[in-house]
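Atoms within a ligand are numbered from 1 in the order they appear, just like the ligands themselves.
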Amino acid sequence: MSQQLIEQIDAILPQTQCGKCGFPGCRLYAEAIAEGRADINQCPPGDQEGIQKLAELLGVPPKPLNTSHGFPRVGKVVAWIDERICIGCTFCVQSCPVDAIVGAAKQMHIVIAAECTGCELCIAPCPMDCISLIPIDEEVNDSSNLPVDATKKQAADRARARYQFRQQRLERDKQINRESLKHKNTAQPEIAGAAAEARKKTVVQAAIKRAMAIRTQAIETNSPIKPHELS
Ligand code: SF4
Ligand code: SF4
Ligand code: SF4
């Protein structure tokens, strides 16, 4: 698999990171195209323009968008959270592929509109149904005075970087969890062993105390100790 080809394909993809192509992120779709495991017409956000660019890059004829993967959206949208209803469950944060939602547990959450790709992935997990997509005017939103294509590329590059950063963070968290689980698993037998040892010690001490009491009583009453009394 040529890394250069994957980079070139990935550079064409819009970086919405929505998963509509059937892959969890643009990069994995790029890899699948490069390996011949996926067709070039599976990305609704990229639409016909993206398919055309992929066809040119790969030297294959363009084809219509495969709408079983969804339909392209007209204009840019971003997610918006109704803060009056949000219960702060954090489900939306966990599902956002570019970390565009901020908020802590049990507190209201908000979307950083400038980072939102409009992927819709936060909508379904919200138990309060308080996230909606609202249209934004790309040109009004853009204060850089760059051509729309240039700002689209900037936004895609930014979304790619945020997606990669998130993936690295998730991988690091997984690694930490694996390590702590490993530590727990090795620590648990030690804890269990120590508890068993302490229990044994207590039983022995109780038995000694009981034997001493029986012995003292036997001496005081001058009566013989019966073996079953010591057990
Ligand atoms: S934008 Fe969505 S559908 Fe297009 S390649 Fe990226 S993840 Fe797949
Ligand atoms: S806020 Fe929602 S729509 Fe926007 S990028 Fe995150 S998950 Fe996607
Ligand atoms: S999923 Fe919905 S209710 Fe939960 S924190 Fe996000 S917006 Fe609020």
*Between T90 and ligand 3, find which residue part has any heavy-atom pair under 4.0 Å and reply side chain, backbone, both or neither.*
backbone
Less than 4.5 Å apart, side chain to side chain, heavy atoms only: is that true for [X] and [Y]?
X	Y	result
P44	F71	no
D39	I33	no
K106	T90	no
P125	C92	no

Under-4.0 Å heavy-atom contact with ligand 2, by part of [X] that carries it:
X	result
I101	side chain
V98	side chain
E120	backbone

Ligand-side contact atoms (ligand 1) for residue partner [X], heavy atom cut-off under 4.0 Å:
X	answer
T16	1 (S)
P14	1 (S)
C18	1 (S), 2 (Fe), 3 (S), 7 (S)

*Flag C96 as yes if one of its N/O/S atoms falls below 2.8 Å of atom 6 (Fe) of ligand 2, otherwise no.*
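Short answer: yes, at least one N, O or S atom is under the cut-off.
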Short question: side chain of [X], backbone of [Y] - any donor-acceptor pair under 3.5 Å?
X	Y	result
N66	S68	yes
Y29	Q42	yes
Q15	A156	no
S2	L5	yes

Can you measure from [atom1] ([X]) to [atom2] ([Y]) and round to the nearest 0.5 angstrom?
X	Y	atom1	atom2	answer
R172	N177	CZ	CG	11.0 Å
I12	E56	CD1	CD	8.0 Å
I40	K53	CD1	NZ	13.5 Å

*asked:* Distance under 4.0 Å to a non-hydrogen atom of C116: what atoms of ligand 2 satisfy this?
replied: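 Listed by number with element, the hits are 1 (S), 3 (S), 4 (Fe), 5 (S).
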For ligand 3, which atoms sit closer than 4.0 Å to a heavy atom of [X]?
X	result
C130	2 (Fe), 7 (S)
I81	7 (S)
G88	5 (S), 8 (Fe)

*asked:* If the cut-off is 2.8 Å, does any N/O/S atom of C26 fall short of it from atom 6 (Fe) of ligand 1?
replied: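 True for C26.
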_Part of C21 within contact of ligand 1 (heavy atoms, under 4.0 Å)_ =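 Both of them.
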*Heavy atom under 4.0 Å from ligand 1: found in H69's side chain, backbone, both, or neither?*
neither
*Quick one: does P125 get within less than 4.0 Å of ligand 3, heavy atoms only?*
no
Which residue owns the protein heavy atom closest to [atom], what's the atom, and how far is it?
atom	answer
atom 3 (S) of ligand 3	I87 N, 3.5 Å
atom 2 (Fe) of ligand 3	C126 SG, 2.3 Å
atom 6 (Fe) of ligand 3	C92 SG, 2.3 Å
atom 4 (Fe) of ligand 3	C89 SG, 2.3 Å
atom 5 (S) of ligand 1	Y29 CD2, 3.3 Å
atom 8 (Fe) of ligand 3	C86 SG, 2.4 Å

*Using a distance-only test with no angle check, is there a side-chain donor-acceptor pair under 3.5 angstrom linking E179 and Q175?*
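Short answer, yes.
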_Nearest heavy atoms of I51 and P64, plus distance in Å_ =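 Shortest heavy-atom contact: CD1-C, 4.0 Å.
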*asked:* Set out, in order, the CA-CA distance, both residues' side-chain angles and the distance that settles side chain to side chain donor-acceptor pair (under 3.5 Å) for N41 and Q48, then state yes or no.
replied: CA-CA 8 Å; N41 60 347; Q48 212 54 46; over 6 Å; no
*asked:* For G19, state whether at least one heavy atom is located under 4.0 Å from any atom of ligand 1.
replied: yes
